[in-house]
**Q** 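Submitted below is the structure of interest, expressed as structure tokens.
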Protein chains: 2
Amino acid sequence: MNNLTLRQLRYFQALAQHGHFGHAAAMCSISQPAMSVQIRELEENLGVTLFERSARKVRLTPFGDELAVRVRDILGAVDELGELARATAGKVPDRLRIGVIPTVAPYLLPAMVTALTRLNPALDLHVRETQTTGLLRALEQGTLDAAVVALPVSHPAFTEVALCEEDFVLVRPAADADKPVPDGEALRRMRLLLLEEGHCFRDQALAFCAAPANMPRDGLDGSSLTTLVQMVGAGIGVTLIPEMAIGLETGSAPVSVSRFGHPAPKRTIGLIWRRTNPLATQLHTIAEVLGSVSRRD
Amino acid sequence: MNNLTLRQLRYFQALAQHGHFGHAAAMCSISQPAMSVQIRELEENLGVTLFERSARKVRLTPFGDELAVRVRDILGAVDELGELARATAGKVPDRLRIGVIPTVAPYLLPAMVTALTRLNPALDLHVRETQTTGLLRALEQGTLDAAVVALPVSHPAFTEVALCEEDFVLVRPAADADKPVPDGEALRRMRLLLLEEGHCFRDQALAFCAAPANMPRDGLDGSSLTTLVQMVGAGIGVTLIPEMAIGLETGSAPVSVSRFGHPAPKRTIGLIWRRTNPLATQLHTIAEVLGSVSRRD
DNA sequence: TTGGCTTCATAGTTTCAGGTTATGAATAAC
DNA sequence: GTTATTCATAACCTGAAACTATGAAGCCAA
């Protein structure tokens with residue numbers, strides 16, 4: 001029968017402070033009898049007398065005195081909950097777990113971190129880089145709050161918001177710089193270096209060539225765009241990379257970069273999260289920030 | 001409108017633990033709708049979503065997660081109140097402020113402290129030594145819990161309990177040891193040394209002599225029994241002291257101690273406290289202990 | 001001592017928070 | 001498509017807690 005009520009503790013505190021039922025009641029905006037009854041019930045709940053009532057004075061008993069200290073702490077902590085909530089409401093959360101696919105992470109992460117930290121300087125940002133399927137699973141399990149992936153995901157459990165579109169560009173050995181730019185058809189017949197299976201970027205590139213995703217290929221897969229570009233520089237073949245990777249990847253190898261004519265291959269990068277995630281509002285804010293970062297405006 | 005309820009916090013904790021409304025409700029012995037409603041109201045109170053409800057999972061939001069820690073602490077502190085009360089109920093309080101009159105304090109205090117400490121080893125004992133009027137005032141103001149005084153006090157605001165009775169004995173110069181012991185009448189005509197005004201022991205001695213309390217006296221007052229005995233040893237006169245003072249006071253001066261015949265003068269030492277003091281039960285226990293100490297049994 | 005004043009407690013009544021059961025809506029699983 | 005699971009909502013009911021009115025006890029002044 002531990003029916004302690006916060007209300008009772010509040011009244012107790014008021015009475016301890018005033019030493020007068022009437023005044024304490026007024027402070028709590030209730031009538032004096034209500035105060036009397038609640039104090040009595042508090043005493044019954046605890047099985048201890050908290051106040052000594054004499055004709056003109058209401059005094060704390062020694063135990064009441066001890067209790068007052070603890071009650072003050074408790075009520076303080078409770079009120080802090082409210083303050084904390086108010087301070088937190090609508091704000092970007094202090095901890096954000098975000099996933100990014102490998103063909104985006106290296107190029108966007110630095111700017112993303114900067115932008116998100118500006119949004120909330122106290123931000124504790126956890127980033128996880130892995131392929132889309134891993135990210136989706138993590139989202140479902142609740143170990144990620146959101147993920148940056150290529151759209152569309154088309155999964156009913158997720159909300160998706162586009163961040164930016166970007167073309168793919170052709171990377172050839174430097175010597176080929178002046179040759180005509182092939183279209184998808186022509187590309188399929190060249191030695192096209194691609195990421196290993198599981199990367200969505202691989203599938204998108206194959207789609208552009210109108211080739212089946214499971215087309216047999218003879219050991220021309222790399223595990224990162226960096227590797228692919230280096231292989232191109234070594235004259236092994238050609239490859240595609242997304243626009244955002246140009247700056248970081250093409251400086252250190254003898255390769256040339258060419259844009260495709262229409263229709264150019266491209267991908268849409270987006271932010272996704274569980275549709276039921278109550279942080280939806282804040283995630284839209286975050287998406288907006290990430291979008292402007294990824295579009296460099 | 002900070003209507004937070006302990007009940008809501010308890011339900012919140014249960015739900016955070018189980019991640020399932022039905023199970024959490026069962027744990028709290030309520031129906032599932034009741035749980036739903038209370039959680040919703042908690043969220044409304046705080047203005048923040050605490051749980052993410054998806055079809056098969058109920059998950060804490062990041063803020064809910066943070067809240068859970070604080071709530072655990074708060075509920076722990078609240079439950080401690082109950083335990084503390086139960087542990088304290090009926091026990092001698094941890095802090096005891098007790099007053100003692102000067103003609104008792106030196107002789108009884110050491111034994112009192114020992115006995116009370118045995119009653120509650122954690123006892124924080126405050127002793128105040130002053131004359132009866134000062135003690136009564138302190139009791140009224142609530143700065144003392146109880147006082148050891150000579151009975152009766154006969155004040156309706158106080159409860160009094162007798163601890164012991166003790167005779168007064170006559171202290172004369174050692175040379176007078178074989179003279180007959182005077183009665184009250186005879187005593188009045190001798191050079192009787194007494195405590196200064198305000199001491200109840202002075203009044204009791206004068207009463208034995210059938211002398212008015214305000215009888216004019218020519219500079220024969222001392223401020224302590226020790227002083228009086230030393231004066232007697234110097235041959236200045238005779239005095240009365242209570243039995244309990246014999247051991248401590250008569251060793252260091254050339255005086256003789258004699259008991260009176262019937263009716264012997266005597267006093268009753270008692271413990272008093274505010275009638276309204278809720279510690280009455282414990283104070284009776286304390287009185288019992290002090291009584292057996294003062295009677296040396 | 002008496003009558004008035006202050007102050008806390010008690011009683012009777014009303015209101016509302018919080019409980020229950022019944023049912024709906026959404027989604028996962030078959 | 002059908003079924004099962006799970007949370008939300010609705011309608012209703014009960015009891016906690018509020019209020020007003022009144023009583024009881026003690027202080028104070030006449």
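Proteins come first, then strands; the chains are lettered A, B, ... in the order of their sequence lines, and each starts at number 1.
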**Q** Could you report the tightest heavy-atom contact between B:Ala138 and B:Arg128, atom names first, then the distance?
**A**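 Shortest heavy-atom contact: CB-NH1, 3.3 Å.
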**Q** Which pairs count as ring pair (Phe, Tyr, Trp, His ring centres under 6.0 Å) when at least one residue sits in residues 141-161 of chain A, sequence neighbours excluded?
**A** A:His155-A:Phe158
**Q** Going by heavy atoms closer than 4.0 Å, what residues in residues 36-43 of chain B are next to DNA chain C?
**A** B:Gln38, B:Glu41
**Q** Would you mind writing out the side-chain donor-acceptor pairs for residues 21-42 of chain B within the sub-3.5 Å range, not counting sequence neighbours?
**A**
from, atom 1, to, atom 2, distance (Å)
B:Gln32, NE2, B:Ser36, OG, 3.1
B:Gln38, OE1, B:Gln8, NE2, 3.4

**Q** Does a nitrogen or oxygen in the side chain of B:Ser31 sit under 4.0 Å from OP1 or OP2 of C:dT20?
**A**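 Looking at the OP1 and OP2 atoms of C:dT20, one of them is under 4.0 Å from a side-chain N or O of B:Ser31.
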**Q** Please figure out whether A:Lys57 or A:Arg7 has its closest DNA chain C nucleotide nearer the 5' end.
**A**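 Taking each residue's closest nucleotide, the earlier one in sequence belongs to A:Lys57.
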**Q** With a 4.0 Å cutoff (strictly under), does any side-chain N or O of A:His20 reach OP1 or OP2 of C:dC8?
**A** yes
**Q** Quick one: does B:Gln13's side chain get under 4.5 Å of B:Arg72's, heavy atoms only?
**A** yes
**Q** For B:Ala157 and A:Met35, take the nucleotide of DNA chain D holding the closest heavy atom to each; which residue's nucleotide lies nearer the 5' end?
**A** A:Met35
**Q** So, does B:Arg53 get its side chain near the phosphate of D:dA8, meaning an N or O under 4.0 Å from OP1 or OP2?
**A** yes
**Q** Nearest-Å distance, CZ (B:Arg59) to P (D:dT6)?
**A** 15 Å
**Q** Would you say the side chain of B:Thr159 lies within less than 4.5 Å of the side chain of B:Leu283, judging by non-hydrogen atoms?
**A**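 When only atoms from C-beta onward are counted, B:Thr159 and B:Leu283 do not touch, as no gap falls below 4.5 Å.
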